[in-house]
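The structure appears right after this line, and notes come after that.
The sequence lines fix the lettering, A, B, ..., with proteins before strands; numbering per chain opens at 1. Atoms considered below: every heavy atom in the structure, side chains included; atoms not considered: hydrogens, waters and symmetry mates.
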2 protein chains.
Amino acid sequence: MIAIPIITGLGAIFLAVFFAFSILKREIVSKKMEEVAGYIKSGANAYLTRQIKVILSVTPILFLFLYFFLGWREAVTAVLGVITSLTAAFVGMSICVRANLQTADVAGQSSLKSFRTAVLGGAIMGFCITGFSLTVLAILYIIFQSPQPIIGFGFGASLAALFAQIGGGIFTKSADVGADLVGKVEENIPEDDPRNAAVIADLVGDNVGDCAGRGADLFQTLSDDIITGSIVASTLIPKYGMKVMFFPLILLAAGVTASAIGILSTNNGENGLKPVKIFDKGLIISTIFSVIFSFFATKIILGDLNIWVASLLGLAATLVAAITTRYYAGMEGKPVEKIAEASKRGAALNMITALGYGLQSPIASIIMIVSAIIFAFNLSGGMLFAVVAVNIGTDLLIAFIMASDAFGPIVDNAAGIAEMSKAPKNVIKSLSSLDSVGNTMKATTKAYAMSSGTVTAFVIFATFFTMTKVREFDVTKPQNLGFLFLGICLPYLISSLVIKSTASGAEKMVDEVRRQFRTIKGLLEGKAIPDYARCVDIATKNALKEMILPGMISIVVPILVGFAFGATALGCLLIGAVSSAALLGPFFNNLGTSLDNAKKLIEDNEGQKGSFAHSSAVIGDTIGDPLKDVAGPSLLIFMKLIGMSALLIAPLLK
Amino acid sequence: MIAIPIITGLGAIFLAVFFAFSILKREIVSKKMEEVAGYIKSGANAYLTRQIKVILSVTPILFLFLYFFLGWREAVTAVLGVITSLTAAFVGMSICVRANLQTADVAGQSSLKSFRTAVLGGAIMGFCITGFSLTVLAILYIIFQSPQPIIGFGFGASLAALFAQIGGGIFTKSADVGADLVGKVEENIPEDDPRNAAVIADLVGDNVGDCAGRGADLFQTLSDDIITGSIVASTLIPKYGMKVMFFPLILLAAGVTASAIGILSTNNGENGLKPVKIFDKGLIISTIFSVIFSFFATKIILGDLNIWVASLLGLAATLVAAITTRYYAGMEGKPVEKIAEASKRGAALNMITALGYGLQSPIASIIMIVSAIIFAFNLSGGMLFAVVAVNIGTDLLIAFIMASDAFGPIVDNAAGIAEMSKAPKNVIKSLSSLDSVGNTMKATTKAYAMSSGTVTAFVIFATFFTMTKVREFDVTKPQNLGFLFLGICLPYLISSLVIKSTASGAEKMVDEVRRQFRTIKGLLEGKAIPDYARCVDIATKNALKEMILPGMISIVVPILVGFAFGATALGCLLIGAVSSAALLGPFFNNLGTSLDNAKKLIEDNEGQKGSFAHSSAVIGDTIGDPLKDVAGPSLLIFMKLIGMSALLIAPLLK
């Protein structure tokens, strides 16, 4: 039975390798594009290598700590989690920095070919992440025969992902904000203009932030959900038999297979269909097959269809999250239209209107998640395992979602490469239209990841309280509520730190770009080349320095509270931290995306570029950047990391 | 013993009346100022009368509901709470709209006289609010001999305050944002310029939002704290005797007396001392006398000095809140300096930097509060009454804080009146410098009110769970955590609604001011007078329409959840809602104030008005307006209202 996830996982990896070869074997036509892409690739590799070194340099301390307190199993799996997560991120980024060039280069031939190349690039990410996770976890189960030691793996994966996301996010948004502030606002030159010194750093950032960061994020999401699911499942062996322990893995194998069908369908997308429609069709196909495959998986392994219904509720919750995000942040929804309209009255009303919508945007999704969990729990007669099924249900489409997400940075980079290598107007235009599709997909992925993270939180709470035997807490004791309040503070603290880091990085970037415009003769006239490497270096140093503190707080605080004040205090801190992040995170994500899309909506109207409304919307968009690409995504990972830290030390707490 | 609060209360009211006469007996010199102030007074009266009518029109429904479900006592006290709160707000505003004119008029004679007049105006507010609360509550105790029926009074006071704050806040910020967007940003004319049609509405707004709104807010804060304190105290009658029930009232009478000494000291402030220093001196004097008086009150009534220490911890928590707010949002702190510095690189970095600091600004204060509560609780050997003492401790300085807060809108209005009636430059300048003092005081008050609200929340949680006998909740049941998550959503929903309402009001205002500049000939040249009344009318209609929904949600949701899902669900909702508001509220308040002060800091540098940095900072300031003056203050009251609603229906829940 454990063979199913291994076969599915290896199959996914095989597909990824096959697609990678089919993309890379093509000869590049444009030498100019190859040169630009070369800058990006070397910048991205240089950053990621240094980032990995920093993360690996703390790994021995982690190993020793876990070894002394928990034993060699947890220590080894944690290090393995760190390494696998970093590998997933590195592989993902390596594909992105190659697929972007191919996408840009092939755009000269046909826009459909270019779309397909980007889709294939995304698909490689989707298959890599899920294939790695399923295979490695299944093998760990075979080795340890129990989910307990594997918690270390999830902890390690989440830890590495948090550093990767914070570091990558600060890098990309320092560069992006810095490039925009001088380029678009002061010098009035277009985005991705080769005269802007920060533009290569910005494109590098898309790879290290969006591609590597998101890859590590979804890898940890999937792994954590499988691990926590198995812990709960193992309590049900008396009822369902040994096979129940593999149920999360097998259900996800079914989901990955269904997603694979959906992904392959997008690659054969007919000419003439809009890219968003092709993705929607792929999503529907993945959903239908997920429903069917999960039915058989549940029927055969457990024979309990209530569990199947529970997993469908999870699936439905992710779809509701995607739909509400489309409404609040998508180009077609009323909010973005209203924000664009408000921009005519200035940057302040643009932002105030966006805040008004952004603050309410997470609520529908939270209500759906809470209802799904309560309904599934009651339907199963009060089994926690039903909540696990809801949680795994939220992950069924993960391979598809990862694929459509990675499409985003690939086309974003491709558009940048085309712009910088002064490709023909029609090539640039066809790539930019793909870029805005990528934006919508990115927002959807974050919504999905947040809803999955929120359901996971419920599983982690229950697992933690079951493990520590603190089933209840006394609400009349102020200490308990006190730690809950402190937990609520944590996401504010982490957001604050990463936003400040981005701002300080962006300030340095603004100064550097301004300096280059001032001191390099002929730069603004296009007669000289800026010093791109210096901007990459500034962004790198800033990001690596600034990622340490928020990353450390995320693990040190829960561990300290657990050891110093006991399991109840840690449980209360956990509830506060996760519930606070579950609102603050999607608020940041949706706010930022809606501001971005309001700007795009204005740009879509001919002649609006450079108008008062447009420059107001550009300010809003820039404010939204660190919120949607640094703070929001970091909180997503934080939610899981703090939970895994708590589970990891749970056996040591009274 | 009950005579002490009644005598103190009546004494406070007597002082208020005495000061009112001493201000009002003075003849106004400037007819022009009298005319401008007349516009403001009639606009404010018209708005407040309509607002009171709207609130009173729902009172019979409230009465019938409470009468049928809880009995006549709760119904009568609730209506009394609504009426007293509205009276407090109305009285406060009536004083403000008279004191502002006197302050502006006397500024021609001497800036010290003008300062003293504004201080006296504020003192009247401080004495009114505390005098009303002490006297009415003491009489209710004599009538009912039990705190239970008086919960209705607190509920009614909070309900009326919420409507007053939301309505007044939307009114003032629609007008303010609208006036600024066209005046400062588009037409480049100064603030409070008589050519701007929205400027009278803006000045009216300061009275109905800041003066009436804050008055109602502090009235409900004080009343709720006394009532919840007495409920807990009544469980201790076996230990301390009957007198313990009056302890909260008497301790507060001590605080009000101490504050009165502090307030009187500011009125005699030496010439030459900076206004902020005079207030600081007054605060120190109030604090010292509070420490002394509360020592004797505790010693004589309870003989338990641990309770005295607990109340000092509460006092210390408010001081810490005030100090951290000064740091994060004051003109002297590093954050405001950094925000001003970032403005040189554009509006986006101004806002991003402010967000970075704003998000972390509430944390120190929360840590202090939580530590104070836990320490006091453990010191007293686990008595909930120690938390009550911390809570009352946070209110000891309330009369002083109310007085220094009301100083703000009075000098703000006075500066506006001087500007509009084209008073001499030196008069305008001396009044504007007082205005920036007012801003700091306002931010301090909000910080104080938020810390007091957070401590109250702990008392309410404990009281609620004691009343409903749900001492613990099972964390492995997803329903409990689900309602906690829904509770976390509520402050987001309410903020979202009030911000959207402000934005839509501001949009209408922008359109109207633009229209008047376009259609009224000679307006921009100062040869014609704009139609002020139309702008007041637009703001009024918008505010009254928009205050209904967020106000209703705040009471209907907890009551529905309580009846439909029981006491545990309501308790979890309560914890979520209050803890979420405890962070989101001060985040909004500090963010908005820091943006405002960053703009002021830039303006303080000669020649910076109109620079790129300044116009960037003006955008940030405008974004911050609805956050600090609508959303943040509304959440403050919401925190207490939702708690009082829960306590009110607690006896009906299983």
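Interface summary for chain A: among B/Gly482, B/Ser371, B/Gly382, the most heavy-atom pairs under 4.5 angstrom belong to B/Gly482. For the set B/Ile499, B/Leu355, B/Ile352, B/Val182, the count of heavy-atom pairs under 4.5 angstrom toward chain A peaks at B/Ile352. Of the residues considered (B/Leu359, B/Ile366, B/Thr454, B/Val177), B/Leu359 shows the highest number of contacts with chain A, using heavy-atom pairs under 4.5 Å. Of the listed residues (A/Phe465, A/Phe485, A/Phe612), the one with the most heavy-atom contacts under 4.5 Å to chain B is A/Phe485. In terms of heavy-atom pairs under 4.5 angstrom with chain A, the leader among B/Ile373, B/Leu384, B/Val618, B/Ile575 is B/Ile575. Top candidate by heavy-atom pairs under 4.5 Å with chain A, chosen from B/Leu497, B/Leu493, B/Asp621, is B/Leu493. Of the listed residues B/Val370, B/Val475, B/Ile623, the one with more heavy-atom pairs under 4.5 angstrom with chain A than any other is B/Val475. By number of non-hydrogen pairs under 4.5 angstrom with chain B, the leading residue of A/Val510, A/Leu481, A/Ile367 is A/Leu481. With chain B as partner, the option from A/Cys489, A/Ser361, A/Ala376, A/Ala462 having the largest number of non-hydrogen pairs under 4.5 angstrom is A/Cys489.
A distance of 13.0 Å separates NZ of B/Lys344 from CG of B/Leu349, quoted to the nearest 0.5 Å.
Across every non-hydrogen atom of A/Met450 and A/Pro586, the tightest pair is CE-CD, 3.2 Å. Considering every non-hydrogen atom in both B/Cys572 and B/Asn480, the closest pair reads CB-O, 3.3 Å. Scanning all heavy atoms of the two residues, the minimum distance from A/Ser495 to A/Ala631 falls at CB-CB, 4.2 Å.
Interface remark: B/Leu627 contributes side-chain atoms only to the contact with chain A (heavy atom separation under 4.5 Å). Residue B/Ile369 does not touch chain A at all, counting heavy-atom pairs closer than 4.5 Å. Residue B/Phe377 touches chain A through its side chain alone, counting heavy-atom pairs closer than 4.5 Å. Using a 4.5 Å cut-off between heavy atoms, A/Leu490 makes no contact with chain B at all. At a 4.5 Å heavy-atom cutoff, the contact between B/Pro478 and chain A is made by backbone and side-chain atoms alike. Heavy-atom distances place the side chain of A/Leu181, and not its backbone, under 4.5 Å from chain B. In this structure, chain B has a heavy atom under 4.5 Å from the side chain of A/Val387, while its backbone stays farther away. Contact of A/Phe375 with chain B is not made at all, since no heavy-atom distance falls under 4.5 Å. Interface residue A/Ala342: backbone and side-chain heavy atoms are both found under 4.5 Å from chain B.
Remark: of the listed residues B/Asp629, B/Thr622, B/Thr502, B/Asp629 is the sole one forming a side chain to side chain donor-acceptor pair (under 3.5 Å) with B/Lys173.
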TODO: Go through the steps for B/Phe473 and B/Thr568 under the test side chain to side chain contact (heavy atoms under 4.5 Å, CB included), then give the verdict.
DONE: CA-CA 7 Å; B/Phe473 75 83; B/Thr568 312; 3.8 Å; yes
TODO: Output, in order, the C-alpha distance, side-chain angles, deciding distance and verdict of side chain to side chain contact (heavy atoms under 4.5 Å, CB included) for B/Asp596 and B/Lys599.
DONE: CA-CA 5 Å; B/Asp596 189 352; B/Lys599 181 200 70 176; 3.9 Å; yes
- [ ] Apply the test side chain to side chain contact (heavy atoms under 4.5 Å, CB included) to residues A/Arg514 and B/Arg345: give CA-CA distance (whole Å), side-chain angles for both, the deciding distance (0.1 Å), then the verdict.
- [x] CA-CA 10 Å; A/Arg514 279 185 183 168; B/Arg345 297 179 187 83; 4.2 Å; yes
Task: Trace of the side chain to side chain contact (heavy atoms under 4.5 Å, CB included) decision for B/Ser580 with A/Leu583 - done: CA-CA 9 Å; B/Ser580 172; A/Leu583 269 286; over 6 Å; no
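Other residues, nucleotides and ligands place more than 12 heavy atoms under 6.0 Å from the NZ atom of B/Lys508.
For residues 348-359 of chain A, the side-chain hydrogen bond (donor to acceptor under 3.5 Å, both in side chains) pairs, not counting sequence neighbours, are A/Ser343-A/Asn350.
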